[in-house]
There are 2 protein chains.
Amino acid sequence: MTLPKLTKLEHQIMEALWNRGASSVREIQEAFPEKDRPAYTTVQTMVYRLEAKKAIKRVKKIGNAHVFAAAISRSAAQRRLIDELLSFFGGRIQPVVAHLIESGKLTLDDVDEAKRALRKLARKDKPK
Amino acid sequence: MTLPKLTKLEHQIMEALWNRGASSVREIQEAFPEKDRPAYTTVQTMVYRLEAKKAIKRVKKIGNAHVFAAAISRSAAQRRLIDELLSFFGGRIQPVVAHLIESGKLTLDDVDEAKRALRKLARKDKPK
DNA sequence: CATTGTCACCTACACTTGTAGTAGATCTAA
DNA sequence: TTAGATCTACTACAAGTGTAGGTGACAATG
């Protein structure tokens with residue numbers, strides 16, 4: 001597995017690392033909203049598991065504390081999430097888009113922007 | 001919880017019910033691709049769990065076998081999946097759309113179709 | 001240097017998910 | 001009517017996930 005599968009909480013840890021850059025367990029823990037912040041050792045456990053999965057790595061040591069950094073990119077992790085969702089839909093985006101529209105989360109502006117992005121991509125790809 | 005959270009396998013069971021309509025455990029099991037088809041009792045367990053979650057219900061009995069039917073709509077379940085994904089992205093669709101484009105899964109046609117759907121929606125919602 | 005707070009590391013545990021076996025009820029066909 | 005097929009209902013269990021306590025090492029400070 002090139003990209004490890006991450007659980008919800010693991011994702012939140014990664015999120016902290018992506019946002020803050022290399023951090024200690026304590027820093028990651030404190031990045032959680034004070035309301036529903038897991039115990040220090042809970043975060044620590046997840047950090048260890050992420051390390052075992054090679055999603056993060058120890059980059060240095062400050063005092064006796066280890067400092068961890070993401071070893072996989074946010075982009076790659078996000079891609080994986082989306083691919084997983086799509087697999088639920090048989091790989092077809094249409095129903096996904098339909099739901100986004102229905103829920104009012106996809107606006108005309110979003111669509112226009114997507115269109116621009118696609119055109120740009122087309123110009124870059126076609127004239128090979 | 002109005003809408004129960006479904007696991008991957010539970011989703012597959014639901015999929016069978018949505019596709020085939022009310023079915024017995026055996027029928028659901030046989031709806032799985034022969035390659036990697038779970039044991040009868042595995043499906044049965046999931047069916048029981050789905051029943052406990054009120055996602056399906058017993059509608060009748062044929063012989064000594066119960067027949068189950070979906071109690072939640074595919075659409076509602078799909079919506080939930082998407083909302084869950086979006087929550088990972090802080091509720092913002094833009095990065096989702098960006099990834100769909102990058103992975104080549106979102107085409108210009110898809111976008112145009114989405115646009116038409118949105119315009120239609122706008123016409124229906126605004127004049128009121 | 002002794003105390004106090006922090007951290008690492010190990011261990012534990014309950015809950016969820018996927019997987020399936022077993023025992024006994026029930027149906028069905030000969 | 002009885003033996004085999006099928007089903008239900010119950011039980012079990014390993015892996016994964018979230019949660020955290022305990023113990024000893026280490027650092028900072030009076």
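Sequence lines set the chain letters: A, B, ... in the order given, protein chains first and strands last, and positions in each chain run from 1.
Taking atom CG of B/Leu6 as the reference point, atom C1' of C/dT16 lies 14 Å away to the nearest angstrom. Rounded to whole angstrom, the span from the CG atom of A/Leu9 across to the P atom of C/dC15 amounts to 18 Å. When rounded to the nearest whole Å, the span between CD of A/Gln12 and P of D/dT19 equals 9 Å. Rounding to whole angstrom units, CD1 of residue A/Ile13 and P of D/dG18 are separated by 10 Å. Distance B/His11 NE2 to C/dG18 P: 11 Å, rounded to the nearest Å. Atom CD in A/Glu27 sits roughly 11 Å away from atom P in C/dA8 (whole-Å rounding). Between B/Met46 atom CE and D/dC10 atom C1' there is a gap of 17 Å when expressed in whole angstrom units. What separates NZ of B/Lys8 from C1' of D/dA15 is a distance of 16 Å, to the nearest Å.
Looking at residues two or more places apart in sequence or on another chain, you find no side chain to side chain donor-acceptor pair (under 3.5 Å) involving B/Lys60. Residues passing the side chain to side chain contact (heavy atoms under 4.5 Å, CB included) test with B/Thr45, sequence neighbours excluded: B/Arg49. With sequence neighbours excluded, the residues forming a side chain to side chain donor-acceptor pair (under 3.5 Å) with B/Lys105 are A/Asp83, listed by chain and number.
Checking B/Thr45 against A/Glu10, the closest nucleotide of DNA chain D that is more toward the 5' end is the one next to B/Thr45.
Dashed line: the shortest gap from a side-chain N or O of B/Thr42 to OP1 or OP2 of C/dA20 is under 4.0 Å.
One N or O donor and one acceptor, one from the side chain of B/Arg49 and one from the base of C/dG18, sit under 3.5 Å apart.
Pairing each heavy atom of A/Ala16 with each of A/Ile28, the nearest pair is CB-CG2, 4.1 Å.
Counting Ile, Leu, Val, Met, Phe, Trp and Tyr side chains that sit under 4.5 Å apart, directly or through other members, A/Tyr48 stands alone, with no cluster partners.
Partner B/Leu3 forms a side-chain contact (heavy atoms from CB on, under 4.5 Å) with one of B/Lys54, B/Arg79, B/Arg80, B/Lys53 and no other, that one being B/Arg80.
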Could you list all N or O pairs between the protein and nucleotides 6-9 of chain D that sit under 3.5 Å apart?
residue	atom	partner	partner atom	Å
D/dC7	OP2	B/Arg26	NE	2.8
D/dC7	OP2	B/Arg26	NH2	2.9
D/dC7	O4'	B/Asn64	ND2	3.2
D/dT8	OP1	B/His66	N	2.8
D/dT8	OP2	B/Tyr40	OH	2.6
D/dA9	OP2	B/Tyr48	OH	3.4
D/dA9	OP2	B/Arg58	NH1	3.2
D/dA9	OP2	B/Arg58	NH2	3.3
D/dA9	N7	B/Gln44	OE1	3.4
D/dA9	N7	B/Gln44	NE2	3.4

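Identified under the salt bridge (charged side-chain N to carboxylate O under 4.0 Å, His left out) test for residues 66-76 of chain A, with sequence neighbours left out: A/Glu15-A/Arg74.
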